[in-house]
Structures are given as C-alpha cells and as structure tokens.
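Below: one structure, written as structure tokens.
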Amino acid sequence: MLSTQLKQDAEQFIDEIYGDDFIQGLINEDIDHASLIHYLQADALYLEEFANIYAMLISKTTSKDMMEYLLEEMRFILGGEVEAHEVLARAVGKPYAEIIKDGEWYPSADHYIKHMYYNAYAKENIAFTLSAMAPCPYIYQKLAEKAMAQNVFQENHQYRGWFEFYSSNIDETADVMFNAIDKEAENMNDDEIGLLRKNFRESAEHERRFFNMAMTREHWAGVDMNV
Ligand SMILES: Cc1ncc(CO)c(N)n1
C-alpha cells in the first residue's frame, strides 16, 4: 500500500528531527525560552490554518464518514492541542495568550502551510491535500513515541507532558488520513501517486524546517516600510 511507502519515506525525517536541537533540547530540558516562544507563536497560527484546511476539505468530500472525521479533527485542533502548547508555555513562565499574541508567519511556517493550501485549492481529490497534511500528526506521534521509548522522563520533567500528549492523542488522526490516501490511490495513475508521495515527503521536510526555524528564531528580512 502507498501508506506503507509514505511511512518508510518519513523514517529518515523522524530520525533527523529527533536528533536536531529542538527535540534534544526538550529531552535534555536545556532548550532556550526564546526558541519555545518562537515555536509557540508560529504553531498557534499554523494550527489555526490547519483547521481552516480541514474546513475546506469538508466542502470537497462526499463521504459522511470523512466529514465527521474532519469536523472532529477541527474540534481537536481548536480545543485540544492547546494542552501541549500549555506545557511549553509553563516552562517559559508566561501566560500562553501573552506569548502567542505577537506571533507572525515566519518564512518556513509560511512555506509549509502554503504547500497544503496549494493542494487544497488546486486539486479536487482531497488525497492530495491529505498527503501534504499527514506528516503533521504522523511525525509528531513517532517523535513522541521514540522519545518515550528512549528516555525515562521523571515526574517533574518540564516537557514530559508534551511527549505524553503526542504519544497518546493523535495516532487515530494519522491512521484515518493514511486509509483515505490508500483508498484514493487505488484509482490513480503512477504520476498522481508520485505526486501524493512528493507532497508527503515535502511536508516531512517542512516539519524539520519548522522545528529548526524556532532554534534560529527565523524572521523575514526587515523591510523599511516607511520609504
Ligand atoms: C508544525 C506542526 N506539525 C505538527 C503538529 C502536530 O499537530 C503541530 N502542532 N505543529
């Protein structure tokens, strides 16, 4: 099945992201607060747009089951995932709302979400958008499972809750996306399947860039808007 290949393609990115400074910084509790703030600002905006894309897909699907799934996932993103953000905000020591109020679309986050929007607008079949969205829940779930398997997080570990959240709340999300992609791929030609794989792989790399963007506190080059 295509999803088996997609999960294989993700392995390289999961290992690289796991070894990068952001995840290692959470595991070792030595990530700087400025990076956590940058990540939370970007991720709060990212999740809002992710929910909007779910809404777009609701209007494009004819499957009642898929509609139900997309609605449930919107509710989760808009209400549930903030629990993981609150873990990071507690470590920073500032109210979550205060941290994210000055957020903006940093370059790598901007590129990632537009990769999803492009597929949602340009492609009728929702599998093309789902293939660009699937690395989001899948890679976070695998990163968290790997961290929980390879480390003993003491009760008072500042980021234990973040890893626990992603290792136990989103496995269903990815599975439904992969099942939908496999079902649609049965009626696709090699070029279309190649595009599903390319969309997925690019989003897996976007995931890595998103975490690394926080470590470099990536911003757009300043442009003097007063000229
Ligand atoms: C960028 C990004 N990818 C995946 C997740 C998991 O939902 C998240 N919160 N943010």
Side-chain angles (χ1 to χ4, degrees), residues 6-7 9-10 13-14 16-18 20-23 25-26 31 35-55 57 69-70 72-89 91-92 96 99-100 103-120 129-148 159 161-178 199-218:
L6 297 180
K7 290 173 187 175
D9 291 347
F13 294 99
I14 291 162
E16 287 167 346
I17 296 168
Y18 187 81
D20 285 343
D21 291 344
F22 189 97
I23 298 297
L26 294 184
I31 188 169
S35 292
L36 289 178
I37 289 168
H38 189 285
Y39 170 83
L40 287 171
Q41 289 175 341
D43 208 48
L45 294 171
Y46 169 89
L47 291 178
E48 273 176 32
E49 299 303 337
F50 208 85
N52 291 339
I53 295 171
Y54 274 138
L57 298 187
Y69 163 78
L70 293 166
E72 191 47 44
E73 289 308 317
M74 279 183 76
R75 266 192 286 273
F76 175 73
I77 268 198
L78 293 173
E81 195 150 350
V82 70
E83 184 186 325
H85 281 189
E86 289 287 0
V87 171
L88 305 185
V92 170
Y96 175 60
I99 290 172
I100 64 171
E104 61 170 275
W105 271 117
Y106 304 122
S108 295
D110 184 83
H111 187 184
Y112 187 4
I113 206 73
K114 285 173 181 171
H115 170 54
M116 296 180 205
Y117 267 119
Y118 168 77
N119 281 279
T129 308
L130 289 175
S131 61
M133 297 174 88
C136 168
Y138 182 68
I139 286 180
Y140 269 54
Q141 175 196 339
K142 290 301 167 190
L143 284 170
E145 287 173 355
K146 187 179 176 90
M148 299 292 279
Y159 306 111
W162 193 87
F163 290 108
E164 284 177 340
F165 181 87
Y166 286 113
S167 60
S168 54
N169 280 280
I170 56 176
D171 40 356
E172 167 81 2
T173 302
D175 290 344
V176 174
M177 286 187 183
F178 283 127
N199 280 350
F200 183 89
R201 200 174 55 248
E202 285 178 2
S203 286
E205 183 165 349
H206 282 307
E207 287 292 345
R208 184 176 193 200
R209 291 175 181 212
F210 199 104
F211 282 121
N212 289 342
M213 158 185 88
M215 301 315 290
T216 60
R217 264 97 68 218
E218 186 187 86

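Because only heavy atoms are used, hydrogens play no part in the values below, and waters and symmetry mates are left out as well, while side chains stay in. In each ligand, atom 1 is the first atom listed, and ligand 1 is the first ligand listed.
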Under the criterion side-chain hydrogen bond (donor to acceptor under 3.5 Å, both in side chains), I'd like the reasoning laid out for E73 against T173: C-alpha separation, chi angles, the key distance, then a yes or no.
CA-CA 7 Å; E73 289 308 317; T173 302; 3.0 Å; yes
Do the two ring centres, one from F210 and one from Y106, sit under 6.0 Å apart?
no
One residue to check: F50. Relative to ligand 1, which of side chain, backbone, both or neither has a non-hydrogen atom less than 4.0 Å away?
neither
Contact region, L47 to ligand 1, non-hydrogen atoms below 4.0 Å, reads side chain
Mark up the atoms of ligand 1 that fall under 4.0 Å of a heavy atom belonging to [X], in ascending order.
{"X": "F210", "answer": "1 (C)"}
{"X": "Y166", "answer": "6 (C), 9 (N)"}
{"X": "C136", "answer": "3 (N), 4 (C), 5 (C), 6 (C), 7 (O)"}

Could you walk me through whether W105 and I113 pass side chain to side chain contact (heavy atoms under 4.5 Å, CB included), step by step?
CA-CA 10 Å; W105 271 117; I113 206 73; 3.8 Å; yes
Do me a favour and list the nearest non-hydrogen protein atom to atom 6 (C) of ligand 1 with residue, atom name and distance?
E81 OE2, 3.3 Å
Do ligand 1 and E207 have nitrogen or oxygen atoms that lie under 3.5 Å from each other?
yes
Would you say D43 has any N or O atom under 3.5 Å from an N or O of ligand 1, going by distance alone?
yes
F22 versus S35, closest heavy-atom pair with distance:
CE1-O, 4.4 Å
Could you walk me through whether R201 and E205 pass the salt bridge (Lys or Arg N to Asp or Glu O under 4.0 Å) check?
CA-CA 6 Å; R201 200 174 55 248; E205 183 165 349; over 6 Å; no
I'd like to know whether NE2 of H111 has more than 12 heavy-atom contacts from other residues, nucleotides or ligands below 6.0 angstrom.
no
